[in-house]
2 protein chains.
Amino acid sequence: MIVYFRLMRMKDDEKKEALFEATVKLVNEIGFVSSSVSRIAKEAKVSPATIYVYFENKEDLIVSTYIDIKLKMSKAILENFDPTLPIRDILRNVWFIMFDYISNNLKYHKFVEQFSSSPYGTLVEKKVVEQYFDPLINVLQRGVEQKIIKKVNFDILSAFMWYPITILANPRLCENFELNEENIETAFTLAWNAIKL
Amino acid sequence: MIVYFRLMRMKDDEKKEALFEATVKLVNEIGFVSSSVSRIAKEAKVSPATIYVYFENKEDLIVSTYIDIKLKMSKAILENFDPTLPIRDILRNVWFIMFDYISNNLKYHKFVEQFSSSPYGTLVEKKVVEQYFDPLINVLQRGVEQKIIKKVNFDILSAFMWYPITILANPRLCENFELNEENIETAFTLAWNAIKL
DNA sequence: GTCTAAAATAAACGATCATTCATTTTTGTC
DNA sequence: GACAAAAATGAATGATCGTTTATTTTAGAC
């Protein structure tokens, strides 16, 4: 039997990316409430119907935007990750890289914050996204095993090693915290004092 | 000139409270997107039009709900505030009181988190709400002056003394952190290690 | 250029949105 | 019980919502 294959027309990656960017921009500016499908389409310069070629529905568009961002973030942060350094140096490096990434991509950070604390957040399995950042979690694990870091609940360690970054990088919450090297170094010192044994 | 006063009919405080509670419940369950005026009205068992007797519009209802919650929270937390204790004891007490309040009023905590990270957050002057908690900020100030607490940017101190509470009290973020006395004590120790000189 | 299948879209769907309006109900003094 | 004024409401407003459908446009193998 001879089967004829005809190449189907390909989806346009740039269009999908434009939809992600439009979603981020609008949700940051006017929130989930006002970010309607038609407005997102207009912002991305496509027809509202086109969105349904790329996504199942509005919810899928928004959740996909979130997951895409988390993937981008984890790649950027783990790009130059060197697990052979001393544990404190690894953590310190991550702090500087995360501040660098967030301050250059504040729109992503804002979107993630808004998404996570909204009911959309419950739609994403926390562990799925968390595993993108597995190497970071493993560092803390090693620190505990080597008796460098306090042996306490992991949620506590995270609350003092990772979450302060998301707080301090939020200019609405910390308008007096300038993201310069000295301030980041100071803040990291507090984080390290918190978790070190 | 004689002026005749007739008592006008009074607004019903219970109805306003019911609208606050309905707003909190629905926004937590289905988000700002789906929490329409008519659904909030139905939840509060009033007519949609009644909402406009008590509030200018939907935005006013939501912002007022937030401010009402923040006021309730600050009163609960500062109720038994004793500024004469040693600074570490004051902070430790506040930690326990805050965890107690949040775990008994998780709905308020959730609403505040979602509100703050949404564009509604920009509608509320941060300083207005912050001043409800002024005594707490003053404690840190005194700690710095008495050379008990590190002399660093106040946003940094807040990021390690207050924000970890909001993280740890969020069961979605910290599902492994049980809110018992031992765990709170441990977490506070890390916070104190971070900020103490 | 022809053909095909999928991308892309304009237009239309019923549903629901926030808000207003005309009317009724309730409150409290006289 | 009568009166006045504000609370309370049911119904209607035009606008916009998310999604679907029927149609047109486009990409790529032949």
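Quick note on labels: first sequence line is chain A, next is B, and so on, each numbered from 1.
- The backbone N or O of Ser35(A) sits less than 3.5 Å from a side-chain atom of Lys58(A), completing a donor-acceptor pair.
- Ring planes of Phe188(A) and Trp95(A): perpendicular class, angle over 60° (limits at 30 and 60°).
- The nearest whole Å value for the distance from the OH atom in Tyr52(A) to the C1' atom in dA12(C) is 14 Å.
- The nearest whole Å value for the distance from the NZ atom in Lys42(B) to the C1' atom in dA8(D) is 18 Å.
- Contact annotation: Lys15(B) reaches the phosphate of dA8(D) (side-chain N/O to OP1 or OP2, under 4.0 Å).
- You'll find that the side chain of Ala49(A) is closest to dA10(C), out of dA10(C), dG10(D), dA18(C).
- Looking at the side chain of Ser38(A), the nearest of the listed nucleotides dC17(D), dG10(D), dT9(C) is dC17(D).
- Between the P atom of dT9(D) and the NZ atom of Lys45(B) lies a distance of 13 Å, rounded to the nearest Å.
- Per the geometry, CD belonging to Glu59(A) stands 18 Å off P belonging to dC17(D), to the nearest Å.
- Taking the side chain of Val53(B) as heavy atoms from C-beta on, and the options dA8(D), dT9(C), dA7(C), the nearest nucleotide is dA8(D).
- Separating the CD1 atom of Ile40(A) from the C1' atom of dT19(D) is a distance of 14 Å, rounded to the nearest angstrom.
- For the pair Val46(B) and Asn57(A), nearest-nucleotide mapping onto DNA chain D gives the more 5' position to Val46(B).
- In this structure, Phe55(A) places its CZ atom 14 Å from C1' of dA7(C), rounding to the nearest Å.
- Atoms CD1 (Ile30(B)) and C1' (dC17(C)) sit 13 Å apart, rounded to a whole Å.
- Checking dT19(D), dA8(C), dA7(D) against every side-chain atom of Tyr54(B), the shortest atom distance belongs to dA7(D).
- The aromatic rings of Phe160(A) and Phe160(B) lie parallel to each other, with less than 30° between the two planes, well short of the 60° mark.
- Rounded to an integer number of Å, the gap from NZ of Lys58(A) to C1' of dT19(D) is 12 Å.
- Judged purely by atom type and a 3.5 angstrom limit, Glu43(A) has no side-chain atom pairing as donor or acceptor with the backbone of Thr23(A).
- Of the candidates dA8(C), dA8(D), dT19(C), the closest approach to any side-chain atom of Pro48(B) belongs to dT19(C).
- Ring-plane geometry between Phe115(B) and Tyr66(B) is classed as parallel, the angle between the planes falling under 30 degrees on a 0 to 90 degree scale with a further cut at 60.
- Nearest to the side chain of Thr50(A), among dA8(C), dA8(D), dT19(C), sits dA8(C).
- One finds no side-chain N or O of Ser36(A) lying less than 4.0 angstrom from the OP1 or OP2 phosphate oxygen of dT16(D).
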